Amino acid sequence: MEELQTIRHSLAHVLAKALKKYYGDVLLTIGPATADGFYYDIDLGQNLTSEDMPKIEAEMKKIINNNEKFEKIVVSKEKALELFKDNPYKTEIISELPDGEEISIYKLGEDFFDLCRGPHVASTGKLSNAGFEFKVINGAYWRGSEKNKMLQRVYFYAFANKAELAEHKKQVQEALKRDHNKLGRELEYFTTVDYIGQGLPIMLPKGAKTIQIMQRFVEDEEAKRGYLLTKTPLISKTELFKISGHLDHYRESMFIWGDEEKGEAFALRPMTCPFQYQVFLNRTRSYKDLPMRLAETSTLFRNEASGECHGLIRLRQFTISEGHIIVTPEQLEDEFRNCVDLAKYSLGCMGLGDDVSFRFSKWDENNKEKYIGSKEEWDRVQDKMREILNDLKIPFVEADGEAAFYGPKLDIQIKNVFGKEDTIITIQIDFQIAERFQMFYTDADGVKKNPYIIHRTSVGCYERTLAYLIEKYAGALPLWLAPEQVRILTINERNKDYAQGVADKFIENGLRITTDFRNETIGYKIREAMSQKLPYLVIIGEEEESNKTISIRGRGFENLSGLKVEDFINRLKEEVKTFKK
RNA sequence: GCUGAUGUGGCUUAGCAGGUAAAGCACCACCUUGGUAAGGUGGAGACCACGGGUUCGAGUCCCGUCAUCAGCUCCA
């Protein structure tokens, strides 16, 4: 794998050299390997487009055919600064290196050199078998900061050989067919309307139904696990968010209206926390009240920057299975464990258990703007959380600067068909907002203490989860989540009454069915049903007047005929139960 | 918010030297249909995202807005 990284990175230099040939004034910045190739960030006076790329790719091939040597040259910092004096990006990197450090520069062929740590292949001839191809050009901020200039990022696919490249491209093509944003619209799970606005999807009946199924599942499961249901307002005077700290740290993402100076301003809620805390605050609390597990199916509003909204994954209004667990310090570990267990159970039921990864999201102690609280408190809580995670034997990665403004998180991450990662479930420890709201419980020793609060979701945001379900199953959702489980079709209208009787049996057993008794050819009706990726079809005909025949079809058109209706119904109920473990 | 691309009937697309919209699927009607992934005929449906501008004339050129997509930044 390391070798592949070397190939990719070496190719980035080849690209840089090719760009330099056609665009002499191009400013090269960095060109690292990626999961499927490499990119190079460049600053160019003009816009590079995909039409410019064939000649660049041809030039890259030429450089490879020339078998040019990568030659490492070590220079002093002063010398390096001199060599790259015309490139502010390179000089910025160099000047940040410690004084006295040897700096490596790689020469490629006779007339091109680049600042780089390496390693590279010995010469470009080693790249002759590599399969690489231009992917796309996008914008990217210098050093990932929106305060900096936006550069052009040229992405390439790159693999050890051409067969692997072809295989990868095929996989990408396949993955794109599962894109929820396309499939979800085609299969009529949701749509959007220009004049309603960004990040505000219309859930069509199928999407609404699947979300209802998930929601009922979560609410029932939470009730079993000792959660208390709450229902709190979607809006509040801004006063509430002043206390919680949202106004200071989250204002840009909030919808606020009214005159804040005169105290008559209101805001749509971006989070449920400060509302749900009022349940705890309703009267004085004893340690005997804890843990207090509060849950709410909660609609939230966040004024996302316009470029952020995406399909059902990033919205301005969404609904999450939000919950807060108010605990004593001694209860923290057990309750955190319970939350992880619920999250894993939910994911397992949806079949997403193997598609997620865990991220321990910590604060960035250098970013005091973004976070509240002292370093001591953060260290203490983060150490505690790490201890719990280690104890749970969860394989997690640590990420700085990904925490909520009030505390660290365990984020359960999932990737979409483009390979982009997002959070599907989050479990957070809040050690600060409770204090701000003066939440206390009286402990056994008679002393008033601040509780810890765990913020958590059990399937996360329903819209987002639906998106991942559509992508995971290419629209053919597991039976228990399918908005329509069985469709009953008739060969002709004469079977209508009998077919309705069959349909009633499914309904009596709590199955979600639709019927299609229209006077259309059966081939037509089957085609329509199949294109909608329905789990099962039941086709009703008759041999003679009194001898009805029933043919059952599953996904992929396999024939399940021979089953009696009653047996089939039992089989479906079993399938639902099995998937939900 | 930033960079780039895109926006033609419900869907997929054609139309681009600027001369007032074309097709398939879907929809509706009629006919047909005793059988397992596209039966036939006919019909309706688009001020070409929206608003300005240039022009005798704009889907086609220019500007702005909105929306959609990819990426960056941000985030559930």
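In what follows, chains are A, B, ... by sequence order, proteins preceding strands, each numbered from 1. Hydrogens, waters and symmetry mates are skipped; everything else that's a heavy atom, side chains included, is used. This one's a predicted model, so the numbers in the text were calculated from it and none came from an experiment.
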*Ignoring backbone atoms, test whether A/Asn47 places a side-chain nitrogen or oxygen under 4.0 Å from the OP1 or OP2 oxygen of B/G4.*
yes

*Does A/Gly307 or A/Phe418 map to a spot on RNA chain B nearer the 5' end, using the closest nucleotide for each?*
A/Gly307

_Side chain of A/Lys409, heavy atoms from C-beta onward: which of B/A49, B/G71, B/A76 has the nearest atom to it?_
B/A76

*For side-chain contact (heavy atoms from CB on, under 4.5 Å), just list the numbers for A/Gln500 and A/Phe517, CA-CA rounded to whole Å, side-chain angles, deciding distance to a tenth of an Å, and then say yes or no.*
CA-CA 9 Å; A/Gln500 186 58 54; A/Phe517 303 158; 3.4 Å; yes

_Taking the C1' atom in each of B/C48 and B/C16, what is the distance between them to the nearest angstrom?_
13 Å

*Would one find a side-chain N or O of A/Ser306 under 4.0 angstrom from OP1 or OP2 of B/G1?*
yes

*asked:* Does B/A26 have OP1 or OP2 under 4.0 Å away from a side-chain N or O of A/Arg527?
replied: yes

_Tell me whether the ring of A/Phe318 lies stacked over the B/A76 base, given a 5.5 Å limit on centroids and a 30° limit on the plane angle._
yes

*Examine A/Tyr406 together with A/His249 and report whether their ring centres are nearer than 6.0 Å.*
no

*Per the atom types in the model, does the base of B/A76 pair as donor or acceptor with the side chain of A/Gln428 at under 3.5 Å?*
no

*Take A/Asp422 and A/Gly523, find for each the nucleotide of RNA chain B with the closest heavy atom, and name the residue whose nucleotide sits nearer the 5' end.*
A/Gly523

*Quick one: does A/Arg302 reach the base of B/C74 with a side-chain donor-acceptor pair under 3.5 Å?*
no

*Take atom C1' in B/C69 and the same atom in B/A49, then report the distance between them in whole Å.*
15 Å

*Quantified in whole Å, what is the P atom distance between nucleotide B/U6 and nucleotide B/C62?*
11 Å

*Taking only N and O in the side chain of A/Gln198, is any of them less than 4.0 Å away from OP1 or OP2 of B/C66?*
no

*Determine the interatomic distance between P on B/A21 and the same-named atom on B/G59; round to the nearest Å.*
9 Å

_Interatomic distance where CZ belongs to A/Arg185 and P belongs to B/A67 [whole Å]_ = 13 Å

*On a plain distance test, is the side chain of A/Tyr141 in donor-acceptor contact with the base of B/G71 below 3.5 Å?*
no

*Separation between the C1' atoms of B/A67 and B/U33, rounded to whole Å*: 44 Å

*OP1, OP2 of B/C25 versus side-chain N and O of A/Tyr524: anything below 4.0 Å?*
no

_Base of B/U73, side chain of A/Glu308 - is there a donor-acceptor contact under 3.5 Å?_
yes

*Short side-chain N/O contact from A/Lys420 to OP1 or OP2 of B/A70, under 4.0 Å*: no

*asked:* Tell me if the aromatic rings of A/Phe431 and A/Trp378 count as close, with their centers under 6.0 Å from one another.
replied: yes

_C1'-based separation of B/U68 from B/U32 [nearest Å]_ = 42 Å

*asked:* Say we look at B/C61 and B/G18: how far apart would their P atoms be, to the nearest angstrom?
replied: 8 Å

*Between A/Lys370 and B/C75, is there a side-chain N or O to OP1/OP2 distance below 4.0 Å?*
yes

*Indicate whether the side chain of A/Asp411 and that of A/Thr426 have a donor and an acceptor atom separated by less than 3.5 Å.*
yes

*asked:* Taking only the P atom of each, what is the distance from B/G64 to B/A23 in whole angstrom?
replied: 36 Å

*Identify whether any heavy atom of A/Ala305 sits under 4.0 Å from a base atom; if not, whether one sits that close to sugar-phosphate; answer base, sugar-phosphate or nothing.*
base

*Would you say the side-chain atoms of A/Glu322 and A/Thr272 include a donor-acceptor pair closer than 3.5 Å?*
yes

*Any donor-acceptor pair under 3.5 Å between the side chain of A/Asn519 and the base of B/U33?*
yes

_Side chain of A/Cys461, heavy atoms from C-beta onward: which of B/C74, B/C72, B/A76 has the nearest atom to it?_
B/A76

*Does the side-chain contact (heavy atoms from CB on, under 4.5 Å) test come out yes or no for A/Val397 and A/Phe358, once each step is laid out?*
CA-CA 7 Å; A/Val397 296; A/Phe358 297 87; over 6 Å; no

